[in-house]
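Beneath this line is the structure, given in structure tokens, with notes to follow.
Every heavy atom of this structure was used, including side-chain atoms; hydrogens, water molecules and symmetry mates were not. No experiment lies behind these values; they were computed from the predicted model shown.
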There are 2 protein chains.
Amino acid sequence: MIQPDQNELVPNPYELAGVNYRVMDPGKIEAQGRALRTAKNLERFGFKLIAESIGEPATVIDMGDFHLAFTMEGLGTKNLILDDPNSGFDDEQLYYNIGKSSVAVGANDNICVGAQTFLIGPHWGTGENWFTDKKHQALIDGWGDACDEVGAFYGGGETSMLKGLMYPHASDLSGAFIGIIRPKEQLTLGQKLEAGDHIVLVESSGIHDNGLTLARKVGSMLPDRYHTRLPSGLTYGEALLKPTLLYAGLQKDLFEAGVGIHYMANVTGHGWRKLMRAGQSFTYRMHTIPDVPEEIQLIQETANLTDTDMFETFNNGAGFAFYVSSAQAALVQEIAKKRNFMTWDAGIVEEGPKQVIIEPKGIIFSEDTLQIR
Amino acid sequence: MIQPDQNELVPNPYELAGVNYRVMDPGKIEAQGRALRTAKNLERFGFKLIAESIGEPATVIDMGDFHLAFTMEGLGTKNLILDDPNSGFDDEQLYYNIGKSSVAVGANDNICVGAQTFLIGPHWGTGENWFTDKKHQALIDGWGDACDEVGAFYGGGETSMLKGLMYPHASDLSGAFIGIIRPKEQLTLGQKLEAGDHIVLVESSGIHDNGLTLARKVGSMLPDRYHTRLPSGLTYGEALLKPTLLYAGLQKDLFEAGVGIHYMANVTGHGWRKLMRAGQSFTYRMHTIPDVPEEIQLIQETANLTDTDMFETFNNGAGFAFYVSSAQAALVQEIAKKRNFMTWDAGIVEEGPKQVIIEPKGIIFSEDTLQIR
């Protein structure tokens, strides 16, 4: 049984599985300070950092005729489901899904600032050579197909053998995601958020790429491990490895339809706390929640976690959020339906302290539970 | 004693230390094939891949008014000198040098295509949390200072805790390097190379960032290990950790002085074989070689390696090469001197089979020893 540590100010079951966001984040913030002092170097090019983008899912640089959006992101430990010799689950062809998810984890961030991603450069590292394996081919195919779906070029990347840094069986699948914001008015950093805006949640395909350390721990606790059968007929392992959905096409459709997108949130690490990512101080009141995907339900039951634990780490069925005026929420849902996305007109932006309220569960996440800016 | 494996077609002592470029490279080439098929996605932006940049140190995209140059690169295993608990060498402040070298390894690649680097986004991964350590602060300072020296913005990156993927003590220090080629005529991909061109070598500060797996192995063989005193008074460990030199300022000075740079080579992995990196078929005849840095000499002596072994893996004192017309070689040297770089007007580009000839040592590296395109 996995339980939240009651001695912590903010119980976070994820930390029990080895990831401590609250220790890591101050380091990120420290790095951001040094980084900001180099922004003056952009002047020699006639470029300018959009300072408000610091802490957003993409760093934005004004290049004159357009903005450039830059995101660096990685899949984390998800691929250990296939790579860990102790996982008892091995289907190299599922590396195709891993490839797609590796692209999604960064592309879904990059588009949040209003960008169209045009360049995705892989950074792959591994502890031993597997660059001639069939799993490598599957990874390349999945990565390439996801780039096509996003509409981006799969650009010059780096594959590194990191013997002595990485475990022999392990791989780090990361990448750089570069987008263009054109016209510049599509820049979306939260400055357009208004009280009264609606929050339209878009379905996830499942766990996506966050909470995987915990998910793997649960995998080791189940009698049939990753082969545990779920109500849908999928095994637990297969369910965890469903490709992360890509929202780039939907974002593009919305812009092309003239929807005024006030903000976008990729529901990833920090779970539903990410819904208050914008710098502005608002209360995000969620009155509707999606059904929780079956593999996430199994994690909750097996690890005996509270709903609060779950919403603070997992997407719980909502992979992405569009914040739009109340008048346009229905249009967002209509356009999403054409792309076969389920959506929920699920919440309201309100004046008030910065927090996420999940009404159906009586959960409140206050501002201090999300230190990512 | 470390000896080349005589059963291999092309002896490479580096492989004995765990890195097999010849096995890895076909995988890179395979990935390039899938990548190229996504280049059509750039059309929706009015952009175009410069296909000739595939296999060069940066991927180049024509964005209309200028070209964009993209490089993903990492430090590899150099930081294990400090991070490996078994190394017996521990000076956290030297993480400042590691930070500078981590930037140099990619920035020196990015500028090769004629770009000025404006954005450097870190991708740092580690097996355990050290993001609040003083070594983290030193790393940030070194990274930031190197970005200032290059004249680039230290942009939004990613710091990931990769427990289960990376060894607890290990860190992967990589980054994305994005440059602009403006005016577009400064695009430098080898198409300007001509028989009769001179090859001006620019000094390295020492081992830089290649051959480190072998260097660490030698460190474990020496009686005083990393504390072995070298003729200069530095210890072996300190010498290995001298910051890699940055050539961005020199490249910029040369362009501003109107030097017609025909090609640039960053002498990194594959050692002097990198001098024939350009796609064109020429013979590169080197008639002059720099003195070999003391720590590299010690590696050769301790591991009992031939000169051929050394030149095929190490920079041997030459960190970077500019290829210019014979008439401009002296000007390159003069401008480099103002930046306190030692240089050697060291070789000639000739018609003939693709190969590097190192005359003073009687070494010939044929085309098939460099499979990176």
Side-chain angles (χ1 to χ4, degrees), chain A residues 18-20 23-24 26-28 30-31 34-35 37-39 41-42 44-45 47 49 54 58-59 61 70 72-74 76-77 80 118-119 121 123 125 129 131-132 136 140-141 144 147-148 151-167 170 172 174 176 178 180 213, chain B residues 18-20 23-24 26-28 30-31 34-35 37-39 41-42 44-45 47 49 54 58-59 61 70-74 76-77 80 118-119 121 123 125 129 131-132 136 140-141 144 147-148 151-167 170 172 174 176 178 180:
Chain A
V19 178
N20 190 334
V23 174
M24 186 163 61
K28 287 192 183 186
E30 188 176 85
R34 181 65 185 92
R37 294 200 298 282
T38 63
N41 293 327
L42 294 170
R44 69 177 175 121
F45 301 99
F47 302 163
L49 171 68
I54 301 292
T59 300
I61 293 173
F70 172 74
M72 185 76 87
E73 204 37 92
T77 61
L80 278 178
F118 68 90
L119 175 59
H123 171 282
N129 177 44
F131 295 107
T132 52
H136 182 237
I140 288 172
D141 287 345
C147 288
D148 279 339
F153 170 53
Y154 168 3
E158 166 75 356
T159 44
S160 306
M161 211 190 307
L162 298 173
K163 194 178 172 119
L165 296 181
M166 303 194 69
Y167 292 109
D172 173 30
S174 305
I178 306 173
I180 185 172
T213 303
Chain B
V19 178
N20 190 336
V23 174
M24 187 163 60
K28 289 192 183 188
E30 188 176 85
R34 181 65 185 91
R37 294 199 298 280
T38 64
N41 293 327
L42 294 170
R44 69 177 175 123
F45 302 99
F47 301 163
L49 171 69
I54 301 293
T59 300
I61 293 173
F70 172 74
T71 299
M72 185 75 87
E73 205 33 273
T77 60
L80 277 178
F118 68 90
L119 175 58
H123 170 281
N129 178 43
F131 294 107
T132 53
H136 183 236
I140 288 171
D141 287 345
C147 288
D148 279 338
F153 170 53
Y154 169 1
E158 166 75 358
T159 45
S160 305
M161 212 188 309
L162 298 173
K163 194 178 172 119
L165 295 181
M166 303 195 67
Y167 291 109
D172 173 30
S174 305
I178 306 172
I180 183 172

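Of all the listed residues (B/Gly156, B/Gly74, B/Gly76, B/Ala58), the one sharing the greatest number of non-hydrogen pairs under 4.5 Å with chain A is B/Gly156. Among the candidates B/Phe118, B/Tyr167, B/Phe45, the residue making the largest number of heavy-atom pairs closer than 4.5 Å to chain A is B/Tyr167. Per-residue heavy-atom pair counts under 4.5 Å with chain B were compared for A/Ala176, A/Gly144, A/Gly151, A/Ala170, and the maximum is reached by A/Gly151. Chain B forms the most heavy-atom pairs under 4.5 Å with one residue out of A/Gly164, A/Cys147, A/Gly121, and that residue is A/Gly164.
The shortest distance between side-chain heavy atoms of A/Leu119 and B/Phe47 does not fall below 4.5 Å.
Looking at B/Ile180, the atoms closer than 4.5 Å to chain A (heavy atoms on both sides) all sit in the side chain, from C-beta outward. Contacts between A/Leu42 and chain B at a heavy-atom distance below 4.5 Å involve the side chain alone, from C-beta outward. Contact annotation for A/Thr59: only side-chain heavy atoms (C-beta onward) come within less than 4.5 Å of a heavy atom of chain B. For a residue to count as touching a neighbouring chain, one of its non-hydrogen atoms must lie under 4.5 Å from one of that chain's; by this rule A/Ala152 touches chain B with the backbone only.
Rounded to the nearest 0.5 angstrom, A/Leu162 CG and B/Met166 CE are separated by 6.5 Å. Residue B/Met72 holds its CE atom at 8.0 Å from OG of A/Ser174, rounded to the nearest 0.5 Å. With values rounded to the nearest 0.5 angstrom, A/Thr38 atom OG1 is found 5.0 Å from B/Phe153 atom CZ. In this structure, B/Arg34 CZ and A/Asp141 CG are separated by 6.5 Å, a value rounded to the nearest 0.5 Å. Taken to the nearest 0.5 Å, the OG1 atom of A/Thr77 stands 6.5 Å off from the CG atom of B/Leu165.
Every side-chain hydrogen bond (donor to acceptor under 3.5 Å, both in side chains) that B/Thr71 has, sequence neighbours left out, goes to B/Asn110.
Nearest heavy atom pair, residue B/Lys163 against residue A/Leu80, reads O-CD1, 4.4 Å. The two atoms that bring B/Asp148 and A/Arg37 nearest to each other are OD1-O, 4.5 Å, heavy atoms only.
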